[in-house]
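Notes for the one structure printed next.
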Amino acid sequence: MIEVRDVHKWFGDLHVIKGVSFTVEKGQVVVIIGPSGSGKSTLLRCINRLVEPDQGQVFVDGVEITGVRKGVEKLRSQVGMVFQNFNLFTHLTALDNVCLGLTKVKGVSASRARERGNALLEKVGLRDRAGHYPAQLSGGQQQRVAIARALAMDPKAVLFDEPTSALDPELIGEVLDVMTKLALEGMTMVVVSHEMGFVRSVANRVLFMADGAVLEEGTPEEVFRSPKHDRTREFTSRILT
Amino acid sequence: MRLPQAGPRAQVALRVLRTFAPGLIVLAGAFVAIAILFPLSVAFWSAGAANTFILFLGSSSLGLLIGFFVGWGRSSGIRWVSWPLLAYVEGFRGIPRIVIVLTAVVFFPRIGLGIEWAVLWGILALGVSSGAYQAEVFRAGFQSIPRGQIEAAVSVGMNRWRSMRYVILPQVMRTVLPPLGNEWIVVLKDTSLLIVLPGFARLRIPDVIELTKVAQTLQGNTFDITQWPIIFAAAAAVYLAMTLLISGLIRFAENRYKVPGLGVMQA
């Protein structure tokens, strides 16, 4: 579903992504872990070209999205994105946040969009908050709306950029529950997260990134139980305790 | 005032009435007073008020247009766009409006815009000046939008134009409206600087004389010095009425862009 081939990214002189390659099969959940500053978020953003890779290729569902000049928007909408800071449109209600892409990008009629929006809010357990504005919702609720918004475009895959890092501990569970449900339904997901419970129970594969490169890749068992690299061992021991 | 079962239509009408009521009341009061005190020059006063309004509308809209794009360009972070715009903003903010107006008066006839274009001189002078201030207002507005909003917009497949139209602009409006109201009120009052436009004086057509010139002309035409302060007070009342109408308009628009739950203070 997603193939990343030898992607490089420089910010000025800083080589932040140093030739990363990996593939995500349809229905797989891949979790990227690694110390802060290792390039996880940047790598994730390369997948939907929020960050433009300087070198290398990214394929989504067999179609190369790097190098495309016209119609990036359309390709981009095939991959949903959930952000650390939710980034809900502050001036719109929860329902309108979910519907905006449908009505303004896909050209779905307002009534059909509302129907779909309500169904998605139902799915993330927020049907009764449809009329609330982001500022009137808790962090966990905002993130669930953001997930519903990403799903509204019928994406082929969803990227999660540290979706629970900005949340109070007691709100993390509700977001992870929604993500787990989504994974079980067969959604292809790439997740940057350090929520070990989630990684262990849901991830098919874990990538460990350090200094812009993938150091280690494997099932959660392999990466956490018997890491090959010292860096991995050091890192996992720190987040597991 | 609350009607027991006002429909949505009636509710909107009521809100419009309530927003503009202060301005309309003062305006009506001013003109009733003018009709009583200066029965012979009511038409002159009305023409002056109408012209002031037209000059205001022209120059504030021009300033809005310039301000929007310059503010946008200034917040773009592209250096070769940003620097010339900065020069424009700093340049025009640094010149007294009266000097800009006087320059326009001596400059435009030189490039073929004769005295019959005097109204345009005025609108250009005030509009270009006001644009510099409104640009800063919009820059503040654009800069207040977190990057994440644009990232979220493009992530649901929006292009630049759509994310501007449906995501950025509605949020920018919310922050820029109060300071824009400030600037518009200043522009309205500064149309009085256009008293120096020679066209107004020399053409002797009441249609192109703005309000302050009306007052000054009437004052010059009477030897009854007890009338003088009253004449200018009448002009002041008309200006006040118009600023109240602008405030009303701003409040009305603010209401439209209000976001429940956002912000510490709920106005």
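The figures here come from the full heavy-atom set of this structure, side chains too, leaving out hydrogens, waters and symmetry mates. Residue numbering restarts at 1 for every chain, and letters A, B, ... go by the order of the sequence lines.
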| query | Do the side chains of B/S155 and A/L50 get nearer than 4.5 Å, heavy atoms only? | reply |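 Result yes, sub-4.5 Å side-chain heavy-atom pair found.
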So do the side chains of A/E73 and B/V154 get within less than 4.5 Å of each other, counting heavy atoms only?
->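 Of all side-chain heavy-atom pairs linking B/V154 with A/E73, none is under 4.5 Å.
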Residues B/Y166 and A/H91: closest non-hydrogen pair is O-NE2, 2.9 Å
Between A/A135 and B/P260, the two heavy atoms sitting closest are CB-O, 4.2 Å
Atom [atom1] of [X] with >12 non-hydrogen neighbours under 6.0 angstrom:
X: B/R93; atom1: CZ; answer: yes
X: A/K74; atom1: NZ; answer: no
X: B/W83; atom1: CH2; answer: no

Task: Contact leader toward chain B among A/L92, A/L159, A/L88, where contacts are heavy-atom pairs under 4.5 Å - done: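 Of A/L92, A/L159, A/L88, A/L88 has the most heavy-atom pairs under 4.5 Å with chain B.
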Can you measure from [atom1] ([X]) to [atom2] ([Y]) and round to the nearest 0.5 angstrom?
X: A/K104; Y: B/N159; atom1: NZ; atom2: CG; value: 13.0 Å
X: B/Q149; Y: A/T90; atom1: CD; atom2: OG1; value: 5.0 Å
X: A/L100; Y: B/M158; atom1: CG; atom2: CE; value: 3.5 Å

Given that the side chain runs from C-beta out, which part of [X] has a heavy atom under 4.5 Å from chain B: side chain, backbone, both or neither?
X: A/V72; value: neither
X: A/F83; value: side chain
X: A/N48; value: side chain
X: A/L75; value: neither

Which atom pairs, one a donor and one an acceptor, fall under 3.5 Å between side chains of residues 53-69 of chain B and the rest of the protein, sequence neighbours left out?
from, atom 1, to, atom 2, distance (Å)
B/S59, OG, B/L55, O, 2.6
B/S60, OG, B/F56, O, 2.7
B/S61, OG, B/L57, O, 2.3

Review point. Is any NZ, NE, NH1 or NH2 atom of the basic residue among A/R45 and B/E151 found under 4.0 Å from an Asp or Glu carboxylate oxygen of the other?
Key: yes
